[in-house]
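Have a look at the structure below before the remarks.
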Amino acid sequence: MKAIGLTEFGGPEVLRVLDLPVSQAGPGEIRIRVHAATVNPVDTLVRRGIAFVSDAEPPYVPGMDAAGVVEQIGEGCDTDLTVGDHVMAVAVVSGTHGAYAEHLVVPAESVVRVPAGVSAVEAATIPMNGLTARMALDLLELPAGATVAVTGAAGAVGGYAVQLAKADGYRVIADAAPKDEQLVKDLGADVVLPRGTEFPQLVRKEVPDGVDGLVDAAGVAGLAIGAVRDGGGLASSVGGTQVPGERGIEVRFTFVPQYARERAQLDRLRRLAEEGRLTARVARTLPAEEAVEAHRLLEAGGNRGRLVLTFSE
């Protein structure tokens, strides 16, 4: 099968087309014919040798979420899916096991149907980013009717955090650059404030005692923690973020592989997308062979939504 991967770590230019054997679906597993794979920031960490490579031998294939068609179901699968169903899945990268490939084998618990009316390209942006946002909110353990702040709200994870928080019934205060203010309002944020160093102070003007919790999808937790009330919570989706403990605030970090088999959570994302309460956001699609360009575009920044690699059907 065709896959996109690397045999040495480095910049985008190390990515190349690989010819790899097709894996069979084992017990409890499903094989997907991949039509679309999302390009996420964690993929650049795989490419640079920072994440998901310590116990594996090259070549390495990045990619944590995909959408396509079920083509094989292993023995003993507890699933209502059948061959030919259009699905989306989250993948935990290991060696050549990544979503940048024509065929992907994953546990049955990591696969659900694509939302009705949503294309494979759109659906591919939901699993990893949606589960990251879901996990962040779950880590906060917010009370009913809580107020939650979101940084990086115009991005993929931050945008999903805004929408999922609203679906949970929370009041949402989010940040945005001027050009993204309307986007973040459209995602459902109750209050949109300018991003930057003054964000905590501006939040405190809205909520003098501070918000109950904060989802940091921008890597600014050390600054944004000032918006959180004493004894509140902060959950960051950005690894390596430095956050000083203070005022009894619980600081936690998301690690989406821990949610990779949370099928009920993934299926809830599907339902919310079908209801129009979760918006799949695609910045641009590129053929899989143009993965180098996709990584360059991702690292240049400024994308609203995710870049998606496509594989011929």
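These figures come from a predicted structure and were not determined experimentally.
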Looking only at heavy atoms, which two atoms of [X] and [Y] are closest? And how far apart?
X: Ala176; Y: Val184; answer: CB-CG2, 3.8 Å
X: Ala3; Y: Ala101; answer: CB-CB, 3.8 Å
X: Val106; Y: Ala91; answer: CG1-CB, 4.2 Å
X: Ala136; Y: Val215; answer: CB-CG1, 3.9 Å
X: Gly98; Y: Val93; answer: CA-CG2, 4.4 Å
X: Ala221; Y: Asp216; answer: N-OD2, 3.2 Å

Close side-chain approach of [X] to [Y], heavy-atom, < 4.5 Å:
X: Glu8; Y: Pro58; answer: no
X: Leu266; Y: Arg268; answer: no
X: Leu214; Y: Ile225; answer: no
X: Leu45; Y: Val53; answer: no
X: Val121; Y: Thr310; answer: yes
X: Val69; Y: Val83; answer: no
X: Arg113; Y: Arg270; answer: yes
X: Asp175; Y: Val192; answer: no

Once you round to the nearest 0.5 Å, how far does [atom1] of [X] lie from [atom2] of [Y]?
X: Thr7; Y: Glu57; atom1: OG1; atom2: CD; answer: 12.5 Å
X: Met135; Y: Ser237; atom1: CE; atom2: OG; answer: 11.5 Å
X: Leu223; Y: Glu198; atom1: CG; atom2: CD; answer: 9.0 Å
X: Asp65; Y: Ser110; atom1: CG; atom2: OG; answer: 11.5 Å
X: Glu102; Y: Leu20; atom1: CD; atom2: CG; answer: 10.0 Å
X: Ile30; Y: Leu104; atom1: CD1; atom2: CG; answer: 11.0 Å

Are [Y] and [X] connected into the same hydrophobic cluster when the rule is that any two of I, L, V, M, F, W, Y join if their side-chain heavy atoms are below 4.5 Å apart?
X: Ile173; Y: Val150; result: no
X: Tyr160; Y: Val112; result: yes
X: Leu15; Y: Val17; result: yes
X: Val172; Y: Leu137; result: yes
X: Leu307; Y: Leu183; result: yes

Under-4.0 Å salt bridge between Arg16 and Glu289: no
Salt-bridge contact Lys166-Asp190 (side-chain N to carboxylate O under 4.0 Å): yes
Looking at [X] and [Y], would you say the former's side chain and the latter's main chain have a donor-acceptor pair under 3.5 Å?
X: His97; Y: Val92; answer: yes
X: Arg281; Y: Gly155; answer: yes
X: Glu262; Y: Tyr259; answer: no
X: Arg252; Y: Leu139; answer: yes
X: Ser119; Y: Glu122; answer: yes
X: Arg33; Y: Gln72; answer: no
X: Arg306; Y: Asn40; answer: no
X: Asn303; Y: Leu297; answer: yes
X: Asp180; Y: Ala177; answer: no
X: Asn129; Y: Ile126; answer: no

Partner set under side chain to side chain donor-acceptor pair (under 3.5 Å) for Thr147, not counting sequence neighbours: none
Residues which pass side chain to side chain donor-acceptor pair (under 3.5 Å) with His295, listed by chain and number, not counting sequence neighbours: Arg47, Tyr100
Inspect the surroundings of [atom1] in [X] and state if more than 12 heavy atoms from other residues, nucleotides or ligands are less than 6.0 Å away.
X: Glu275; atom1: CD; value: yes
X: Arg261; atom1: CZ; value: no
X: Lys205; atom1: NZ; value: no

Audit row: Arg171, Glu206, salt bridge (Lys or Arg N to Asp or Glu O under 4.0 Å) steps and yes/no: CA-CA 11 Å; Arg171 183 185 183 217; Glu206 297 286 337; 3.7 Å; yes
Candidate pair Leu164 and Leu269, rule side-chain contact (heavy atoms from CB on, under 4.5 Å), full reasoning: CA-CA 9 Å; Leu164 292 177; Leu269 298 177; 3.8 Å; yes
CA sep, side-chain torsions, deciding dist, call: Arg31, Glu71, salt bridge (Lys or Arg N to Asp or Glu O under 4.0 Å): CA-CA 6 Å; Arg31 191 176 74 205; Glu71 63 177 8; 2.7 Å; yes
Steps toward salt bridge (Lys or Arg N to Asp or Glu O under 4.0 Å) verdict (Arg134, Asp168): CA-CA 10 Å; Arg134 179 70 267 161; Asp168 287 347; 2.7 Å; yes
Stepwise side-chain contact (heavy atoms from CB on, under 4.5 Å) test for Gln163 and Thr279: CA-CA 8 Å; Gln163 292 188 304; Thr279 308; 2.9 Å; yes
Val39/Val308 under side-chain contact (heavy atoms from CB on, under 4.5 Å): CA gap, chis, key distance, verdict: CA-CA 6 Å; Val39 178; Val308 180; over 6 Å; no
Set of ring pair (Phe, Tyr, Trp, His ring centres under 6.0 Å) partners for Tyr60, sequence neighbours left out: Phe9
Passing option when Met64 is tested against Val256, Thr38, Val46 for side-chain contact (heavy atoms from CB on, under 4.5 Å): Val256
Check against salt bridge (Lys or Arg N to Asp or Glu O under 4.0 Å), Asp80 and Arg263: CA-CA 12 Å; Asp80 60 350; Arg263 189 179 188 278; 3.5 Å; yes
Distance-only side-chain donor-acceptor flag, Tyr170 / Asp212, under 3.5 Å: no
Worked verdict on Val105 versus Gln24 for side-chain contact (heavy atoms from CB on, under 4.5 Å): CA-CA 7 Å; Val105 175; Gln24 303 302 309; over 6 Å; no
